[in-house]
Structures are given as structure tokens and as C-alpha cells.
Asker: 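One structure, pasted below without further comment.
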Amino acid sequence: MSAVSCVTGFSTSKTEHSSRSERKRRDSFGMFDGYDSCSEDTSSSSSSEESEEEVAPLPSNLPIIKNNGQVYTYPDGKSGMATCEMCGMVGVRDAFYSKTKRFCSVSCSRSYSSNSKKASILARLQGKPPTKKAKVLQKQPLVAKLAAYAQYQATLQNQAKTKAAVSMEGFSWGNYINSNSFIAAPVTCFKHAPMGTCWGDISENVRVEVPNTDCSLPTKVFWIAGIVKLAGYNALLRYEGFENDSALDFWCNICGSDIHPVGWCAASGKPLVPPRTIQHKYTNWKAFLVKRLTGAKTLPPDFSQKVSESMQYPFKPCMRVEVVDKRHLCRTRVAVVESVIGGRLRLVYEESEDRTDDFWCHMHSPLIHHIGWSRSIGHRFKRSDITKKQDGHFDTPPHLFAKVKEVDQSGEWFKEGMKLEAIDPLNLSTICVATIRKVLADGFLMIGIDGSEAADGSDWFCYHATSPSIFPVGFCEINMIELTPPRGYTKLPFKWFDYLRETGSIAAPVKLFNKDVPNHGFRVGMKLEAVDLMEPRLICVATVTRIIHRLLRIHFDGWEEEYDQWVDCESPDLYPVGWCQLTGYQLQPPASQSSRENQSASSKQKKKAKSQQYKGHKKKRKMPVGKKPVSLSSLPMTGGVRRSFSGDEELTPPPYRTLPAQTAPEAFPPPSTSREFSPSLKTGN
């Protein structure tokens, strides 16, 4: 071979390498190859220069979208993808045909011509699958064909939207937040919720790949959008290219299956197509994306995997647990896990023959314990009439339950008769004067509300010494919270000094209470989804209205303040905005004015008809309740070593007073889910 031919061959090879690198840059975002050809004017050369501008990387633990000027590096670490210039097939570069890797097969290489290329472009714009053999187009205006097809598809879409608008009714977090300029508590405030501990730096301006709804193509295509606003799991997104135009902004759940990191389309062979509204703005969309996305943040490549893993729950149906008896707070009963939804358990008491006597709580709730817990600490327990476990039922492993902080009871410790302040589990809007009635093992205490206790102690309830729902004497006064005095106490305003002297009692030492205050991140006014702890199968739209250290005042939107509840900042009964949508649980929207008025009238009539005895929590609104249900406030937590009874040895407590029955004007449908929940469930009476 001559020197001339060698030089010529080197020059040709260099030219091929340069053009190949340029194609890699253009195709790196998975766009339709040749989409720019539909424009009358292309500016690939100038746009390429713009795409190579250097952008300083942003410090973040999220992946940074990079463009090294030659081969695009995908967020998931993959590289070397190629797009067939004939049929648009996206695949691994090494598997493509010929040295230039321009075509996916021999047939595509041979079919490549100007007319066949136009046919392929049209087929891909119409959403048809790639084909190895392309038909040659007759010489007809390509733009005219596309315009006619787009108009036809737009007509179909408008018809579909008109039909859907009639049936689509219900609450929308996006509209609710936008119309009132609300803010939502960030996902990082909820460590027990999916992604609560691995949310990372997901914030405004993060870019994602989402379905393009402003498109007339019959198949599903995608485009890149940026986060404009975050509200829990929900994000307000804006398509790239709209700049400050919010006309097509839309809300979606960032943990949804249609949300992907930038680069996913290229790696998956999915097309990126700009929204129809802005197609005219740029002639070279590939160069536009390169310039806009270089240096931007996107989701981690394993984001969807993390979401899936965080929604795997160790509790399974048929597991047996000990749970508080919702009719007699002083004791526990055996219940069986019926279903698990988003970490929330529907428990059915073991003796319920028709399986309607149920109780809802989170798997990290302090109200559930392993089998044998009551016996180990000396807590009252109702023996089941069932002599042996039913087939398929098995005891839940103890390590699955929430752990309590170990305490030293050998030194100065709580004693029977000591006074304190505590959240009333039957009226969570109040903090009451309370007394320690019994000291159990492993730091657990039986508490009674002064002035409303039953003579037999059947309404005592169990708190752990480290519970954030009990407070030292004077806590309410210091923090300007109204303290509820004992029922029937006439010397008002209530003074602790006088009360202790009159009752001959002492206050529990301040140093024994839990004083830890985590950096929880909640702020007054933040929106969230909260369990109605008086009717714990319901999750409602709620607002944080007050914060006292780690204590949150939760207000249910649309309801009076008398229904507010005091809840700990780490309660497993609080969830980010969008949790119900993510898990398939039904969210209760804010109450309407008419429903509040009806409930108020019904409540007033009942008050006149009933005696003035203490009735626990105020009747709320949503479903019939046979007897007073227990709250899910921070009651006892699991822990302890199995040993013999420590004093309260009754397996069956003495006769208990029957709590007054309460019924709602009409039955409210139970939470419906997309999975295991049965719509026929109701609260046992």
C-alpha cells in the first residue's frame, strides 16, 4: 500500500470517527433520530457548538448530567448506546452493523436513502414500531401528512378529555395547594414512610423524564420536565422549553412508575418528543437539551428500586400480635393481621367470628406487641376463648416490633400516686391532670385521668416512661397550653400547688421524663396526611397548627378546633402529602360546610339527651362507632424480657362499665384501596 493511500485511509477513518461522535451527542437523549429533519431549517453546526459549553458541576448527592463532547454518559453509568439512522432502533453500539455503527442491520443499511429515510421518520413520529424494511414514500409533502395526522389525534384527545371530565370528581392535593399557596411537610420529616430516610436532595429544578401528554402520537412518548414545586411526594412539573410559561404545568407523584431519571429513555429505547405547543420554538431540540441539561441534577438511577424496597413490609397476613383492647384500655387482646397497606395493619381480634371486630394501626405503633408481652411486664390481658391457634396463624417474631429505650428503675423512679400531665387517649385535643396508678416492668406505667376514672381501673391506659405523651407538672403552664383540670374540680383557675396540697400527693420528678427533641423539620402551617386517631382507619387532610418542642397540634382541615389532636413529631400516624395515592389508601378530603353543620346539630341533640358524666373523646364525623375506640397516641412501646407476672395477675379483669354507645347519622364508607382492603369492612360494636 502506498503512502498516499495510507494517508487517505487515515483521513477517512478520522472523518468517520468525528461524524460518529457527533451522532452520539445528538442521539444521547433518546430523541427521534432525524426529528430535526422535519424542520425547514436546521442549525446542527451552531447548536453543536452551544452544546459543548462548559457548565460548572453542582455539589449534590444526586447524579449530575454530563456531556463530555463525545460520548454521553448516562446517569446509570451506561454508555455506548446507538440509534439506527434508518429505523430508529436504540441499542448497544457494539451490536450494531458495520464499522460506523450507523445501522442496526444489513437491511437497514441497504434501505438507507433519502426517500426511505423520510418514510422511517414518519413511521416513528406516528408511533409505529421500528421495521427492518422501509417503504419508499411517494413524493408528497411530509409536513402536510404530519399536520393532518396531528389534527386527527388532537380531535380524539379532546373527545376523551370531555368524557373523562364528567366522571373525574374528588379531592386534588395539587389544586388545593396551588389555590391556597400552601406548603407541605417534606418527606424527610416522616422516617417511617417510604423513602423517608433516603429522599436525598430531591428538590426544585431536578430534571426527570415523564410521559408527554401534549402530543398527538398514538403511542406513549416522553419528554424532560423540571420540578417547579414539591409537596411531599407530589411534584409540580414543567416541561423543558416552556421557560416561565405555566400553562401546561402538572402535578404527579414523584415515586410513580412513570417518573424516571434523565437518560432512562436512551437506555430503554423510548422516544423523547417535545410537546406540540412548543415544537416551533427550536429547530434543533437535541442541542437545546444538551445545553439545558448539562450540569443539572436528576434522580438517582436506582430511585425506582429504592421506592419499591421501601414499600416492602415485614408484617404479613395471619401473623398474631397483642394489641390494646379498644373497649377496655387497661388490657390487651390477641389479634391477627388481616391486611397490610403501606405499613398500616388491619388487625382482627382473634375471637371475632365474622372478622368485623377490627382495629387499624401502623406496624410501628406502640399499641401492638409480640405474643407474651403482657405477661412479661405484668399488664392485664384478656385470655382468648380460642384454645389453639387457627390453621395458618403464627406468632409475629418479636424483633419486628418497635423497640423502647432501656431505662434504669433501680434508682429514683416513678411511684404510684405521683402526679403528672398526660394526653387523654380518649380526647386527644386535651392534656389533662393525671396520676400514676401502677408501675409495671421495663419502664411501663399505668396512667389514670383524674376525675374520670372508673373504680375498677378499667380505663387506665399504658404509657412507657419515655413516651412523648406524658409531661411533668407545669408543662402546660410553661408552654401556654390549656390544661384540662379534673372533672368536677371547682377551684378555678387550676393551680398545681393548691391541687397537690389538697390531694396530699407529689409531682413526678422532672428528670424522669423524656426531654429529647429531634430536629423534625415540621413548621406551623405545613400540610400533611394524618390518621384520625379517634377513628384510626381514616386518613385525612391535615395541617400543623402549633409546635411545642416535639409535640405537634394537628388540625383536620374543614373541621372545628375541638377535633384537633396532639401528636408526637415521630408518630407513625403522620404521612407526607401523596402517601395515600402512593399506597392506594383512600384519603378523606376536607369537610364541607354542610357536613359540618349536620354533625354539629346532631352533636348538640345528643349532648342534651345524655347525662353529664365523662364521655371521653368528642364525637367526630365520619363513621358509626359502637363504643369509644382507643387512640393511637404514643402509648406503651414494645420491649422487655419474658418473666412471671409482677402484680396485676388477672387474666380476665373484673366487670367493666360499658361505655356509652355513639352512632353517626349515616355510615361512612371504609377506606378503599387498590389492593387487599375489603369494602365490606365495618367497625365492630
Asker: I'd like to know if the side chain of Trp173 pairs up with that of Glu529 as donor and acceptor (distance under 3.5 Å, no hydrogens or angles considered).
Answerer: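 Present: a donor and an acceptor within the cut-off.
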Asker: I'd like to know if the side chain of Glu453 and the backbone of Asp459 have a donor-acceptor N/O pair within less than 3.5 Å.
Answerer: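 Between the backbone of Asp459 and the side chain of Glu453 there is no qualifying donor-acceptor contact (under 3.5 Å).
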Asker: Would the number of heavy atoms belonging to other residues, nucleotides or ligands and lying under 6.0 Å from NZ of Lys316 be above 12?
Answerer: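 Yes.
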Asker: Heavy-atom distance under 4.5 Å between the side chains of His379 and His369, does that happen here?
Answerer: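 No. Closest side-chain heavy atoms not under 4.5 Å.
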Asker: Does some side-chain heavy atom of Arg344 sit less than 4.5 Å from a side-chain heavy atom of Asp573?
Answerer: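 Result yes, sub-4.5 Å side-chain heavy-atom pair found.
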Asker: Counting only heavy atoms not in Lys415, do more than 12 sit closer than 6.0 Å to its NZ atom?
Answerer: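 It does not: Lys415 NZ has 12 such atoms or fewer within range.
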Asker: Roughly how far, to the nearest 0.5 Å, is CG of Asp424 from CD1 of Ile449?
Answerer: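 Answer for the CD1-CG pair, Ile449 versus Asp424, is 4.5 Å.
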Asker: Are any of the side-chain nitrogens in Glu570 or Arg550 under 4.0 Å away from the carboxylate oxygens of its partner?
Answerer: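 Here Glu570 pairs with Arg550 in a salt bridge, since their nearest N and O are under 4.0 Å apart.
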Asker: If you look at every heavy atom in Pro589 and Val541, which pair is closest and at what distance?
Answerer: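 Residues Pro589 and Val541, closest heavy atoms: CA-CG2, 4.1 Å.
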Asker: Taking atom CD of Glu309 as the centre, does the number of heavy atoms from other residues, nucleotides or ligands within less than 6.0 Å exceed 12?
Answerer: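 Count over threshold, so yes.
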Asker: Measure across Cys432 and Leu483 and return the closest heavy-atom pair with its distance rounded to 0.1 Å.
Answerer: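 Heavy atoms of Cys432 and Leu483 come nearest at C-CD1, 3.8 Å.
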Asker: Do Gln565 and Asp532 make a side-chain contact, defined as non-hydrogen atoms from C-beta onward lying under 4.5 Å apart?
Answerer: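 Of all side-chain heavy-atom pairs linking Asp532 with Gln565, at least one is under 4.5 Å.
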Asker: Inspect the surroundings of CD in Glu482 and state if more than 12 heavy atoms from other residues, nucleotides or ligands are less than 6.0 Å away.
Answerer: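 Open: at most 12 neighbouring heavy atoms sit under 6.0 Å from CD of Glu482.
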Asker: Side-chain contact, heavy-atom cut-off 4.5 Å: Met418 with Leu420?
Answerer: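 With C-beta onward as the side chain, the pair stays apart.
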Asker: I would like to know whether Phe303 and Met195 meet side chain to side chain contact (heavy atoms under 4.5 Å, CB included); could you show each step before the answer?
Answerer: CA-CA 9 Å; Phe303 183 77; Met195 301 298 292; 3.6 Å; yes
Asker: Would you confirm whether His464, through its side chain, and Asp442, through its main-chain N or O, come within 3.5 Å as a donor-acceptor pair?
Answerer: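 Looks like yes, one N/O pair under 3.5 Å.
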Asker: Begin from the C-alpha positions of Thr356 and Asp358 and carry the test side-chain hydrogen bond (donor to acceptor under 3.5 Å, both in side chains) through to its verdict.
Answerer: CA-CA 6 Å; Thr356 59; Asp358 62 356; over 6 Å; no
Asker: Over all heavy atoms of both residues, which pair between Leu347 and Ala335 is shortest? Give the atoms and the distance, please.
Answerer: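 Nearest pair, atom of Leu347 first, then Ala335: CB-CB, 4.0 Å.
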Asker: Less than 4.5 Å apart, side chain to side chain, heavy atoms only: is that true for Lys511 and Pro472?
Answerer: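 No, every pair of side-chain atoms sits at 4.5 Å or beyond.
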Asker: Do the side chain of Ser308 and the main chain of Gln305 share a donor and acceptor less than 3.5 angstrom apart?
Answerer: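 No: the side chain of Ser308 does not pair with the backbone of Gln305.
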Asker: Verify, without hydrogens or angle tests, whether Thr543 (side chain) and Thr545 (backbone) share a donor-acceptor contact under 3.5 angstrom.
Answerer: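 Between the backbone of Thr545 and the side chain of Thr543 there is no qualifying donor-acceptor contact (under 3.5 Å).
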Asker: Does any non-hydrogen side-chain atom of Met446 lie less than 4.5 Å from one of Phe461?
Answerer: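 A side-chain contact is absent here, since even the closest heavy-atom pair is not under 4.5 Å.
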Asker: Quick one: do Asp357 and Lys326 make a salt bridge, cutoff under 4.0 Å?
Answerer: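 Lys326 and Asp357: salt-bridged.
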Asker: For ring-ring contact (aromatic ring centres under 6.0 Å, His included), just list the numbers for Phe475 and Phe513, CA-CA rounded to whole Å, side-chain angles, deciding distance to a tenth of an Å, and then say yes or no.
Answerer: CA-CA 11 Å; Phe475 173 84; Phe513 292 86; 9.3 Å; no
Asker: Could you tell me if the ring centre of Tyr585 sits under 6.0 Å from that of Trp360?
Answerer: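 Ring centroids of Tyr585 and Trp360 are less than 6.0 Å from each other.
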Asker: Among Tyr233, Tyr575, Trp199, Phe522, which residue satisfies the ring-ring contact (aromatic ring centres under 6.0 Å, His included) criterion with Phe190?
Answerer: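 Checked Tyr233, Tyr575, Trp199, Phe522 against Phe190; only one passes ring-ring contact (aromatic ring centres under 6.0 Å, His included): Phe522.
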Asker: Given side-chain hydrogen bond (donor to acceptor under 3.5 Å, both in side chains), test Ser429 with Asp564 step by step and report yes or no.
Answerer: CA-CA 5 Å; Ser429 65; Asp564 291 0; over 6 Å; no
Asker: At their closest point, which heavy atom of Ala434 faces which heavy atom of Asp450, and how far apart are they?
Answerer: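 Taking every non-hydrogen atom into account, C-OD1, 3.6 Å.
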Asker: Would you find a donor on one side and an acceptor on the other, under 3.5 Å apart, between the side chain of Arg320 and the backbone of Ile371?
Answerer: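 Flag not set: sc Arg320 to bb Ile371 has no pair under 3.5 Å.
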Asker: Just by distance, do the side chain of Lys405 and the backbone of Ala465 share a donor-acceptor pair under 3.5 Å?
Answerer: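 No.
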Asker: Measure the acute angle between the ring planes of Phe359 and Tyr349, then classify it against the limits of 30° and 60° as parallel, tilted or perpendicular.
Answerer: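 The rings of Phe359 and Tyr349 sit tilted, inter-plane angle from 30° to 60°.
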Asker: Does His555 reach the main-chain N or O of Arg546 with its side chain, forming a donor-acceptor pair under 3.5 Å?
Answerer: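 The answer is no, because no donor-acceptor pair under 3.5 Å joins these two groups.
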Asker: If I take atom CZ from residue Arg331 and atom OG from residue Ser374, how far apart are they, to the nearest 0.5 angstrom?
Answerer: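 It comes to 11.5 Å.
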Asker: For Lys515, does the NZ atom sit with more than 12 other heavy atoms under 6.0 Å from it, leaving out its own atoms?
Answerer: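 Above 12, so yes.
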Asker: Quick check for you: to the nearest 0.5 Å, what is the distance between Leu533 atom CG and Ser365 atom OG?
Answerer: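 Answer for the CG-OG pair, Leu533 versus Ser365, is 9.0 Å.
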Asker: Among Leu400, Leu345, Val324, whose side chain to side chain contact (heavy atoms under 4.5 Å, CB included) with Ile368 holds?
Answerer: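 So the option named by the test is Leu345.
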Asker: Find out whether Val407 and Trp413 are in side-chain contact, i.e. whether some heavy atom of one side chain is under 4.5 Å from a heavy atom of the other.
Answerer: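 In short, these two side chains touch, coming nearer than 4.5 Å.
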Asker: Between Glu322 (side chain) and Gly372 (backbone), is there a donor-acceptor pair under 3.5 Å?
Answerer: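 The answer is yes, because a donor-acceptor pair under 3.5 Å joins these two groups.
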Asker: Would you call His328 and Lys382 a side-chain contact if the rule is heavy atoms closer than 4.5 Å?
Answerer: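 No. Closest side-chain heavy atoms not under 4.5 Å.
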Asker: Do the side chain of Glu421 and the main chain of Cys476 share a donor and acceptor less than 3.5 angstrom apart?
Answerer: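 Yes, Glu421 side chain to Cys476 backbone: donor-acceptor pair under 3.5 Å.
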